[in-house]
Asker: 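Starting off with a structure, shown below.
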Amino acid sequence: MVRIVVGAVLGYLFSLGSSVVWFMKTHHDPTQRVSTRYLLASIVVGFFCSVTTGFLAAVIGGSRRSAWGTAIILFATGGLGVAESLLVSKSGSLELTWVSIVVMVPATVFGGEWAERRLEHVKK
């Protein structure tokens with residue numbers, strides 16, 4: 001059980017790190033409005049990073065449940081981002097937050113399911 005939780009937390013930290021690297025490399029503030037081109041690039045990069053995140057979480061945790069745990073953490077932090085944007089900062093710039101909820105959460109689960117199918121030591 002502890003290994004599954006560790007896998008989920010490390011998966012989330014990997015996801016967080018990849019997002020930070022993306023925004024630093026592109027020199028873009030994630031709280032500002034984005035162009036359609038940047039949004040599409042973020043979706044593609046976010047999808048592949050999330051599949052990798054789910055895969056690594058499942059491998060580290062030894063179970064696809066770690067990928068599901070990471071997806072739940074991503075969903076919760078995405079929801080908090082939406083709430084903060086609407087209630088506190090009133091920035092209204094939610095495009096990247098919605099990408100994290102709609103694209104990254106399912107991609108993370110997919111990565112965990114993929115790890116289960118590809119690796120013998122990853123179980124249900």
Asker: Can you check whether W68 and F75 have ring centres sitting under 6.0 Å from each other?
Answerer: no
Asker: Would you say I4 and L10 are hydrophobically clustered, going by side-chain heavy atoms of ILVMFWY under 4.5 Å?
Answerer: no
Asker: side-chain contact (heavy atoms from CB on, under 4.5 Å), that's the test. Do H28 and S42 meet it? Break it down for me.
Answerer: CA-CA 11 Å; H28 192 278; S42 295; over 6 Å; no
Asker: Specify whether W114 and F55 have parallel, tilted or perpendicular ring planes, treating 30° as the upper limit for parallel and 60° as the lower limit for perpendicular.
Answerer: tilted
Asker: Which pair of heavy atoms, one from S18 and one from S15, lies closest together, and at what distance?
Answerer: OG-O, 2.9 Å
Asker: For Y38, I'd like to know if atom OH has over 12 heavy atoms of other residues, nucleotides or ligands within 6.0 Å.
Answerer: yes
Asker: With side-chain contact (heavy atoms from CB on, under 4.5 Å) as the criterion, how do F14 and T70 come out once you've worked through the C-alpha distance, each side chain's angles and the decisive distance to 0.1 Å?
Answerer: CA-CA 10 Å; F14 179 77; T70 301; over 6 Å; no
Asker: Nearest 0.5 Å, please: how far is CZ in R3 from CZ in R65?
Answerer: 13.0 Å
Asker: Mind checking whether F48 and L56 sit in one hydrophobic cluster, side chains of I, L, V, M, F, W, Y counted as touching below 4.5 Å?
Answerer: no
Asker: In the single-linkage hydrophobic clustering (I, L, V, M, F, W, Y; side-chain heavy atoms under 4.5 Å), do L16 and V21 co-cluster?
Answerer: no
Asker: Is it possible for you to say whether M104 and V44 belong to one hydrophobic cluster, with membership spreading through side-chain heavy-atom contacts below 4.5 Å?
Answerer: no
Asker: Could you label the plane-to-plane angle of the F47 and F110 rings as parallel, tilted or perpendicular, counting under 30° as parallel and over 60° as perpendicular?
Answerer: parallel
Asker: Could you measure the distance from the CD1 atom of I72 to the OG1 atom of T77? Nearest 0.5 Å is fine.
Answerer: 12.0 Å
Asker: Ignoring hydrogens and geometry, is there a side-chain-to-backbone donor-acceptor pair from T108 to G54 under 3.5 Å?
Answerer: no
Asker: Linking I/L/V/M/F/W/Y whenever their side-chain heavy atoms sit closer than 4.5 Å, directly or via other members, would V102 and V109 fall into one cluster?
Answerer: no
Asker: Give the minimum heavy-atom separation between A8 and I73, together with the two atoms involved.
Answerer: O-CD1, 4.2 Å
Asker: Where is the tightest heavy-atom contact between A57 and S66, given as atom of each residue plus distance?
Answerer: O-CB, 3.1 Å
Asker: Measure across G112 and A67 and return the closest heavy-atom pair with its distance rounded to 0.1 Å.
Answerer: CA-CB, 3.4 Å
